[in-house]
Protein chains: 2
Amino acid sequence: MTATASLPGIADPVYSRVRERIRQDIFSGYFAPGARIPTAALGARYGVSQMPIREALQQLQGEGLVTIAPNRGASVRRVDARFISNIYDIRAALEAMMVSRAVETIGDDGMFALYAAERRFEEAASRGDTGAAVAANLEFHDAVFPLADNPEAVDVIARHAELLQSLRRRFGYGPHRMAAIIAEHRQLLRAFEQRDAAAAALVVKTHCEHAKRDLVVQAGFAAPEAEKRA
Amino acid sequence: MTATASLPGIADPVYSRVRERIRQDIFSGYFAPGARIPTAALGARYGVSQMPIREALQQLQGEGLVTIAPNRGASVRRVDARFISNIYDIRAALEAMMVSRAVETIGDDGMFALYAAERRFEEAASRGDTGAAVAANLEFHDAVFPLADNPEAVDVIARHAELLQSLRRRFGYGPHRMAAIIAEHRQLLRAFEQRDAAAAALVVKTHCEHAKRDLVVQAGFAAPEAEKRA
DNA sequence: AAGTGGTCTAGACCACCTT
DNA sequence: AGGTGGTCTAGACCACTTA
């Protein structure tokens, strides 16, 4: 028996570690959206050959994080208001579907996890700790989605949400968004308590719609004129 | 200017052509679901080195067609009843979302394309030509989805639908399915005529639900006991 | 007309499975 | 222990873009 731990990630193939490294470099802003990702430079930066880097990039293309053009290589996926809108529309549709299922299958332990995540989110929000709030928000969602028993849908959301999360980390939430999120989460909790699948689905859809608008504004793709348009 | 045609696919890189070749070999049944895909054998079969094959496989993994395990290589994605169900649930959610949009944006030309595709589908169905029916069915969907102006959602559906299409080609439709599809399509056309987004969304959801059940039965994952269960 | 950078090949390395 | 097959490296090739 070897001494290598069973922990994943430390003994993974090079292309796998490189993939995570590139992902990190994209999220940290080292590679900005739209920027080329030259394999030779990455080979020097990471200390490996070009082929595992190419493989990592192919995988990241599958996740939608980068785009690859024949004979022109990889670039970080460009994000604009339309892309953000489309991704949030996908999330709204899938999360509504999953929440409807989760309402019917959730048990006491699931409800407990939901309450705990929500409490952590509200604490982070009251401290103004955006990083902790984003984390707790993810935790909240991660407590709901597995209950729908549709890992493929969870995967689709996770892949597309990555770019949005990096934007969220960079730009944060709008001034009134935190309070709105708390209110919307509590609405969702109430729908769960009452086992009201339709209400939960509706809450999630409006939740995503509001999150979309807030992120578009925060990322600077649109003026906040919609706040008081009447 | 070169003499190379602007047609894509003929002058693409090797990994791109290999990717389509593998896709073909999966759909044709040369690689059955769950089967290993050895790179060395493919190198001999396609006459290329192993690396472009690896890249093609990484891309196909991104599409969900194959799975890659570290140090164990690629295998064709295994499909079971639960996977089929999950994919159809994703399709139902996304297609309902997109159809709701399409109802609001469709014009006369779009309606014309819809009628034409439906007519071709019904002709193929009356001839009992399953292959032409599958093609016309795709055509019908392709006439609707672009109207939603959400290429990311179209992409998600297309990627996941590929495996289902191959199953459909292999196993065909159930005895009463053709007539039901025609009825459901006509319901959808009526919803489009009346610009009723909610009705269209509902039709699409039940359409996907029925298609799911039929495919699960046709693929041999479940007995057709649900036909008369009351 | 070089130069840049993506793409491909051949072979060596190494992890895992079989005898 | 040996074999099978996935993984990685170094270098050559070639498409596209600079001047």
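Letters go in sequence order (proteins before strands), and every chain restarts at 1.
Distance CD (B/Q58) to C1' (D/dC8): 13 Å, rounded to an integer number of Å. Across the protein-nucleic acid pair, A/Q50 atom CD and C/dG5 atom C1' stand 8 Å apart, rounded to whole Å. Distance, B/R36 CZ to C/dC16 P: 13 Å, rounded to whole Å. Note: CG (A/N71) to P (C/dG3) measures 21 Å, nearest angstrom. The separation between B/D12 atom CG and C/dG6 atom P is 17 Å, rounded to whole Å. At whole-Å resolution of the value, CD1 in B/I37 and P in D/dT4 are 21 Å apart. For the pair B/I53 CD1 and C/dT9 P, the computed distance is 9 Å after rounding to whole Å.
Across all strands shown, B/E55 has no heavy atoms under 4.0 Å from either base or sugar-phosphate atoms.
Salt bridge absent: A/E20 and A/R17 never bring a charged side-chain N and a carboxylate O closer than 4.0 Å. The pair A/D129-A/R120 does not count as a salt bridge, with every side-chain nitrogen at least 4.0 angstrom from each carboxylate oxygen. Between A/R77 and A/E162 no salt bridge is recorded (no basic side-chain N to carboxylate O distance below 4.0 Å).
When the nucleotides C/dT9, D/dG6, D/dT9 are ranked by their closest atom to the side chain of B/V48, C/dT9 comes out on top. Distance from the side chain of A/P13 is smallest to D/dC8 among D/dG6, D/dC8, D/dA10. If you check C/dC8, C/dG5, C/dT9 against the side chain of B/S49, the one that comes closest is C/dT9. Among the nucleotides C/dT9, C/dT7, D/dT7, the one closest to any side-chain atom of A/T39 is C/dT7. Comparing C/dT9, C/dT7, C/dC8 by their closest approach to the side chain of B/M51 singles out C/dT9.
By the 6.0 Å contact criterion, CZ on B/F112 is open, its count of non-hydrogen atoms from other residues, nucleotides or ligands being 12 or less.
Taking 4.0 angstrom as the limit, A/Y15 places none of its side-chain polar atoms (N or O) nearer than this to OP1 or OP2 of D/dC8. Within the structure, a side-chain polar atom (N or O) of A/R54 is placed less than 4.0 Å from OP1 or OP2 of C/dT7.
Mapping A/P52 and B/A74 onto DNA chain D by nearest heavy atom places B/A74 at the nucleotide closer to the 5' end.
Closest non-hydrogen pair, A/K205 versus A/A96, comes out as CE-CB, 3.8 Å.
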